[in-house]
J.: 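One structure, as structure tokens, below. Some questions next.
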Amino acid sequence: MTTEHRWYPVCRTQELVAGHVAQSQILGHELAVWRDHIGQVHVWENRCPHRGVRLSIGLNLGESLQCRYHGWKFATGTGQCIHIPAHPDQTPAENLQVTRFRGAEKYGLIWTFVPLKDSIPQMPELPLADGITLRSHILQAGLSEVLDALGKIAQPIDAWIWRDHDQHIPIHYLLQPMDQRFVAIHSLWGGYLTHKDWIEISRRENARLTLAFRSIDVRSGITP
Amino acid sequence: MIKLYDYEISGNCYKVRLLMKILGVPFESIPLDFYPGREHKSDWFLAINPLGQLPVLVEDNFCLRDSHAILIYLASKFDESKTWYPTRDPVQMGRVNMWLSFADAITSAAGAARLHDSFFYDMDAEQVRRQAHRLFQILDETLWFSEQENDGWLCPGVLPTIADIACFPYVMLSEEGGISRLPYPAIRRWTDRVKKIPGFMIMPGIFNGPE
Ligand code: FES
């Protein structure tokens with residue numbers, strides 16, 4: 001799909017509401033993304049080290065994430081298993097750890113990268129202090145189809161960051177390559193908005209993007 | 001006492017049980033052998049419901065089929081606050097009815113895909129999955145804006161309605177029909193909210209939510 005060693009957005013920060021475990025994906029890696037009791041964000045492989053059940057159907061307990069299947073608990077921060085209900089008196093072995101990805105919060109989005117090299121990649125620089133995100137779109141299509149459709153409304157700054165053609169629409173579109181079937185597009189508004197304006201613009205831009213991507217839905221047979 | 005002709009792993013039966021539990025309505029479940037026994041197509045049951053579908057509610061001499069008709073009946077009769085089915089508010093009631101029809105469409109799409117994958121029904125599974133994705137796109141968009149402008153229920157307002165109860169089961173069971181909810185983050189957050197409704201209960205394949 002791509003071998004670029006770089007940060008990609010995985011979801012909007014606002015999506016990580018208390019007690020929730022968001023499900024996302026990056027370059028074929030399924031992710032469970034959650035915010036703990038002190039507000040720290042964790043990007044974990046969406047796979048319980050016990051039997052591989054998705055952690056995104058588990059419970060966000062604040063200090064730990066509990067797997068749905070046999071109730072193992074994994075500590076915030078380390079991903080270390082700290083409790084096995086079937087053996088409550090035993091200390092779980094140290095190798096019982098969730099695979100973690102590095103997470104970051106910037107521009108109103110949660111970011112991560114798949115480590116293809118030893119270094120930590122540079123976070124993309126956008127000409128924005130912070131960001132106000134609009135509704136993200138997750139499209140059932142390959143990357144080239146998505147880029148074709150996106151080209152109708154925006155132009156690339158680099159392969160993964162696009163800017164609206166229209167000078168009056170200060171939106172950057174950030175791409176998230178999920179896997180062969182899905183690509184997410186996150187819309188980032190540059191500048192301040194009141195809540196009321198934000199909702200209005202969210203509705204307007206949501207409608208515009210839906211229209212721009214209708215050809216993709218039609219091709220994948222998902223038609224109105 | 002209310003009797004419910006019932007099947008444990010039917011989403012349509014579950015939505016009726018769920019509302020009765022939330023409203024604190026006692027009932028007696030009469031389980032049928034839907035699969036593999038096809039008892040819902042037996043002569044004795046067809047005499048009760050000629051459509052051969054579950055659930056059916058029986059109360060004294062009153063007999064009601066169709067899960068959504070049953071939800072409307074139960075909410076109108078037992079919910080004194082009149083919020084679950086807002087009979088005093090025509091606008092809201094119109095919205096609830098609109099989403100009840102939408103829930104039927106979800107059943108015919110996501111519910112059908114599950115019958116294909118888990119109960120080996122013969123149908124064009126790809127076609128119903130595509131239809132389910134189209135419906136889930138609409139649902140996700142509605143819920144996303146509802147989170148921003150309201151309290152995140154299908155119909156505007158601070159409280160859930162039977163529209164949420166009606167849409168919930170076959171959305172939750174969609175992965176048993178090969179329909180991933182990965183592309184629908186607002187739907188995923190809404191299912192967390194439904195699970196926090198006081199009185200919420202589970203069925204096989206639908207788990208408890210965060211406390
Ligand atoms: S699979 Fe997660 S605890 Fe068993």
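Because the structure is predicted, anything quoted here is derived from the model rather than measured. A, B, ... follow the sequence lines: proteins, then strands. Residue 1 opens every chain.
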J.: Between A/Val17 and B/Glu147, is a side chain to side chain contact (heavy atoms under 4.5 Å, CB included) present by the stated rule, with each step listed?
T.: CA-CA 11 Å; A/Val17 293; B/Glu147 279 179 327; 5.7 Å; no

J.: Quick check: are there more than 12 heavy atoms from other residues, nucleotides or ligands sitting under 6.0 Å from CZ of B/Arg38?
T.: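 It does not: B/Arg38 CZ has 12 such atoms or fewer within range.
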
J.: To the nearest 0.5 Å, how far apart are OG in A/Ser56 and CG in B/Leu182?
T.: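 Separation between the atoms: 8.5 Å.
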
J.: With a 4.5 angstrom heavy-atom cut-off, is it the side chain or the backbone of A/Glu30 that approaches chain B, or both, or neither?
T.: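 Contact with chain B is absent: no heavy atom of A/Glu30 under 4.5 Å.
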
J.: Ignoring hydrogens, what is the shortest heavy-atom contact between B/Phe145 and A/Ser202? Give both atom names and the distance.
T.: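 Closest heavy-atom pair between B/Phe145 and A/Ser202: CZ-O, 3.8 Å.
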
J.: Check the surroundings of atom CD in B/Glu80: do more than 12 heavy atoms from other residues, nucleotides or ligands lie under 6.0 Å from it?
T.: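 Result for CD/B/Glu80: open.
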
J.: Does CZ belonging to B/Phe27 count more than 12 external heavy atoms closer than 6.0 Å?
T.: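 Above 12, so yes.
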
J.: Would you call B/Arg188 and A/Glu15 a salt bridge, using N to O less than 4.0 angstrom?
T.: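 Looking at B/Arg188 and A/Glu15, the cut-off is not met.
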
J.: Need one label for B/Arg181: side chain, backbone, both or neither, based on atoms under 4.5 Å from any heavy atom in chain A.
T.: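 Just the backbone, heavy atoms under 4.5 Å.
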
J.: Within a strict 4.5 Å, meaning less than it, do heavy atoms of the A/Ile138 and B/Pro185 side chains meet?
T.: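 A/Ile138 vs B/Pro185: side chains touch.
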
J.: So, are B/Glu141 and A/Arg203 salt-bridged, with charged N and O less than 4.0 Å apart?
T.: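 A/Arg203 and B/Glu141: not salt-bridged.
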
J.: Quick one: of A/Gln25, A/Gln140, A/Gln66, A/His195, who has the most non-hydrogen atom pairs under 4.5 Å with chain B?
T.: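 Most heavy-atom pairs under 4.5 Å with chain B: A/Gln140.
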
J.: What verdict does the salt bridge (Lys or Arg N to Asp or Glu O under 4.0 Å) test give for B/Glu175 and A/Arg54, after you've listed the backbone C-alpha separation in whole Å, the side-chain angles of each residue and the deciding distance to 0.1 Å?
T.: CA-CA 12 Å; B/Glu175 296 196 349; A/Arg54 283 191 176 123; 3.3 Å; yes

J.: Apply side chain to side chain contact (heavy atoms under 4.5 Å, CB included) to the pair B/Trp144 and A/Asn206, showing each step before the final yes or no.
T.: CA-CA 11 Å; B/Trp144 194 91; A/Asn206 180 61; over 6 Å; no

J.: For B/Asn208 and A/Arg68, which heavy atoms make the closest approach, and how far apart are they?
T.: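 That would be O-NH2, 2.5 Å.
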
J.: Kindly check if the number of other-residue, nucleotide or ligand heavy atoms within 6.0 Å of CD (B/Glu149) is above 12?
T.: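 Yes, because the 6.0 Å sphere around CD of B/Glu149 holds more than 12 heavy atoms from other groups.
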
J.: Is a side-chain donor or acceptor of B/Arg189 paired with a backbone partner of A/Leu16 at a separation under 3.5 angstrom?
T.: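 Not a single qualifying donor-acceptor pair exists.
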
J.: When rounded to the nearest 0.5 angstrom, what is the spacing between OG1 in B/Thr191 and CD1 in A/Ile57?
T.: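 Here the rounded value is 11.0 Å.
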
J.: Please flag which part of A/His137 lies under 4.5 Å from any non-hydrogen atom of chain B: side chain, backbone, both or neither.
T.: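 For A/His137, no heavy atom lies under 4.5 Å from chain B.
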
J.: Side chain from CB out, backbone as N, CA, C, O: work out which of these in A/Thr210 comes under 4.5 Å of a heavy atom of chain B, or both, or neither.
T.: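 Side chain only.
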
